[in-house]
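Below you'll find the structure, written out as structure tokens, and then a few comments.
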There are 4 protein chains.
Amino acid sequence: MDEFITQGFAATRLDDVAKRAGVAKGTIYLHFKDKEALFEELIRTAIVPLVNRLAAGPPPVGASVRDMIEGFARTFIHEVTTTQRGDIVRLIVAEGPRFPAVADFYYREVVSKGLAGMRAAIQLGIARGEIKNKDLAQFPQILIAPAMIAVIWQSLFARHAPLDANEMFRVHLDLIFGERRTA
Amino acid sequence: MDEFITQGFAATRLDDVAKRAGVAKGTIYLHFKDKEALFEELIRTAIVPLVNRLAAGPPPVGASVRDMIEGFARTFIHEVTTTQRGDIVRLIVAEGPRFPAVADFYYREVVSKGLAGMRAAIQLGIARGEIKNKDLAQFPQILIAPAMIAVIWQSLFARHAPLDANEMFRVHLDLIFGERRTA
Amino acid sequence: MDEFITQGFAATRLDDVAKRAGVAKGTIYLHFKDKEALFEELIRTAIVPLVNRLAAGPPPVGASVRDMIEGFARTFIHEVTTTQRGDIVRLIVAEGPRFPAVADFYYREVVSKGLAGMRAAIQLGIARGEIKNKDLAQFPQILIAPAMIAVIWQSLFARHAPLDANEMFRVHLDLIFGERRTA
Amino acid sequence: MDEFITQGFAATRLDDVAKRAGVAKGTIYLHFKDKEALFEELIRTAIVPLVNRLAAGPPPVGASVRDMIEGFARTFIHEVTTTQRGDIVRLIVAEGPRFPAVADFYYREVVSKGLAGMRAAIQLGIARGEIKNKDLAQFPQILIAPAMIAVIWQSLFARHAPLDANEMFRVHLDLIFGERRTA
DNA sequence: GATGAATGAGGCTTCATTCAT
DNA sequence: AATGAATGAAGCCTCATTCAT
């Protein structure tokens, strides 16, 4: 996975993959039909933890919707900045168009589930009066957008201008929930 | 450029580039040192129109900040969905990490200028009282985020679920400027 | 053997040989030094029945030389068209030049013995007055030639034009023994 | 061609072919799609001279059918023993089953034409009274058989026992036309 | 300047052979 | 003795790059 993330699909050499995996080149072919199958299955495997994070469990009783989402985002951002999970997302953006199977899988397992979760949260927020804008439920993508941007930013522009993803997300939530009155 | 967009850097063959350009393969080398130079310079060239769009001219006097931004976004989204400008953005996301020169150029020419413009607009909006949240000026990325997401969405998930980018952006602006009172 | 016959030596995979033989790949190496040894010994084994056919026993007392040869040819052609024995001959033709040991063995065990037998039969035929042409004893190959041609024909051209090997051989014998007076 | 003849299709390395041809490996691919195409087209090219030999021109007026055939056979045997034309025939026998296109082409261009020519000659011989056996016209293969056997013999068994192909063919013709009365 | 045939390094893939279990 | 996972050498093929025309 590391190799694919840093080199992209085409530029990754199976020699290096094998070396990194500590096996001989031929061994790869005992487990995967070819380079494409290896790539797709690796991505699939790498995505599972993301899914698990999403389904991480019901929000604590009594928490506000904002707390729920903020907690979720905090976890997500932490994952993405400390592990290489974010790079996998970028890899999917990069190779998705040439690997429809990858894009499909990612949509099915992560995107659609994630958006459904967000939509539910938004609707709860609207019902509870925490969220004013009723149209937001139609575009749960908006909720996620800054987190995605942060992921991309880290791998492309971090060295030009660091970005405090958590703080950015907090401001974003302020837009949605209204600013928190700090005592 | 078309070839690089659809195939990515590594998978693009100079044979195809030459054919598409209507010249012989050798001719490419009269103008570019090698494949990398070709790629980088093509990207550079392709980015210029984006820059020009950004600098498209000062907002009409008397317009609200929201109108300015909405106009800008409308143009941007139109560009991105009808031309392949969006795919260039995706290409930069995909290849940026392996082509620092590309990422650098893009940051310098597009991102930093764009963000500066957004920040100025936000500050104007705050000064005029159109925008409540003062922290937004620190994160102009938030303003752009849904547009970026739309670009990526189109190339990866359009066939799973179409996305009305203009409408999404309108809802986003409602979050920032408050909902428009419709008559 | 089946694998070698249909694929040839180089294109035969030991994986397939093992599968077909119902053993694991490693097991082959308990019995044969390497692929070449396997091939040569298989050929050797496969040739034995041919040899036995040749030595099938002395002709019935009182039979004409023509009957002897015709009986022999009938057996040979039957063998060759109903079993895969003919393909082994073709395999030897195909691989012989690269496996001198195979050609040598085949010459020693089959060709020289077969020709000696043919020569003896021819000489008997000449002595009995059944065969006119005395020079034929120098070239017993002529006697066999149509049978060999039939073998090769079956594997190469059967689908273009079927060949009745028995009838052809009968005509051939007519040339040698004179046409049979049919009642 | 030399490489394919001595090694067979599978064992021939394109490296060696290129070296022998005095070009780089890649150059081969400018002219042939892949190794199979190279093989098939080489065979095709190599067969043409054989065809031309067959069509070498009408027999001299006033010649006997036997003279015609003997002349033809002499040319054929000379070709086959002094050039490598014979090995091509053996190569076709060897690889034909795995290259139907090769077998087809050979059948169409050489075998069917050759047999048609032989059949015509036989019928002429029958009409002129030179050939007694009327059934021979059904199996022109018989006429060719010893020549084919000679070809195969040369590459497999020449070193075990040399074979005088011309003399063998003469004896064969004696069977068909009756022994020549030597003065 | 333009061409495109030729090059050959490099990558994917196969498969005979080995060896720990 | 038998297994079959692992190995890595070797071969086919691609394609960026060169250069004689």
Side-chain angles (χ1 to χ4, degrees), chain A residues 3-4 7-19 21-39, chain B residues 3-4 7-40, chain C residues 3-4 7-40, chain D residues 3-4 7-19 21-39:
Chain A
E3 292 292 327
F4 282 121
Q7 314 292 334
F9 174 79
T12 292
R13 286 175 305 147
L14 289 188
D15 255 331
D16 295 338
V17 172
K19 203 164 296 166
V23 300
K25 229 181 328 169
T27 306
I28 293 172
Y29 288 86
L30 297 177
H31 301 282
F32 306 94
K33 189 180 144 293
D34 57 14
K35 195 185 175 186
E36 292 203 10
L38 168 65
F39 180 66
Chain B
E3 293 292 329
F4 282 121
Q7 314 292 333
F9 174 79
T12 292
R13 285 175 301 147
L14 289 191
D15 252 329
D16 294 337
V17 171
K19 201 165 296 166
R20 189 80 83 95
V23 299
K25 227 187 326 174
T27 308
I28 293 174
Y29 287 85
L30 298 177
H31 300 280
F32 306 93
K33 187 178 148 294
D34 57 13
K35 194 185 176 186
E36 293 202 9
L38 168 65
F39 180 66
E40 295 186 358
Chain C
E3 293 292 328
F4 282 121
Q7 314 292 336
F9 174 79
T12 292
R13 285 174 300 149
L14 289 190
D15 252 329
D16 294 338
V17 172
K19 202 166 296 166
R20 190 80 83 96
V23 299
K25 228 185 327 174
T27 307
I28 293 174
Y29 287 85
L30 297 177
H31 300 282
F32 307 93
K33 186 179 148 293
D34 57 14
K35 194 185 176 187
E36 292 202 10
L38 168 65
F39 179 66
E40 296 186 359
Chain D
E3 292 291 329
F4 282 122
Q7 312 293 333
F9 174 79
T12 292
R13 287 174 304 146
L14 290 189
D15 255 331
D16 294 338
V17 172
K19 205 164 295 166
V23 299
K25 227 181 330 169
T27 307
I28 294 174
Y29 290 87
L30 297 178
H31 301 282
F32 306 95
K33 189 180 142 298
D34 56 13
K35 195 185 175 186
E36 291 203 9
L38 169 65
F39 180 67

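Keep in mind that the numbers below use all heavy atoms, side chains included, and drop hydrogens, waters and symmetry copies. Lettering of chains follows the sequences in order, A, B, ..., and the numbering in each one begins at 1. Owing to the predicted nature of the structure, the values given are computational and were not obtained by experimental measurement.
In this structure, B:Glu36 places its CD atom 15 Å from C1' of F:dC15, rounding to the nearest Å. When the P atom of F:dC13 is taken as reference, atom CG of B:Asp15 falls 18 Å away, rounded to whole Å. Between D:Asp16 atom CG and F:dC12 atom P there is a gap of 9 Å when expressed in whole angstrom units. Between the P atom of F:dC13 and the CG atom of D:Leu14 lies a distance of 6 Å, rounded to the nearest Å. Distance, D:Phe32 CZ to F:dC12 P: 15 Å, rounded to whole Å.
Residue B:Leu38 comes nearest to B:Leu14 through the heavy atom pair CD2-CD2, 3.8 Å, listed as atom of the first residue, atom of the second, then distance.
Side-chain contact between C:Thr27 and C:His31 is present, with heavy atoms from C-beta onward closer than 4.5 Å. Contact of the D:Phe9 side chain with the D:Glu36 side chain is registered, since non-hydrogen atoms from C-beta on lie closer than 4.5 Å. Residues C:Thr12 and C:Phe39 have side chains not in contact (no heavy-atom distance under 4.5 Å, counting atoms from C-beta outward).
Listed by residue number, the members of residues 24-31 of chain C with any heavy atom below 4.0 angstrom from DNA chain F are C:Ala24, C:Lys25, C:Gly26, C:Thr27, C:Leu30, C:His31.
Close approach of DNA chain E to chain C, defined as any atom under 4.0 Å from a non-hydrogen atom of the protein, starts and stops at E:dC15 to E:dT18.
A stem is defined here as three or more consecutive Watson-Crick or G-U pairs, each with both distances under 3.5 Å; for DNA chain F these stems are E:2-21 with F:2-21.
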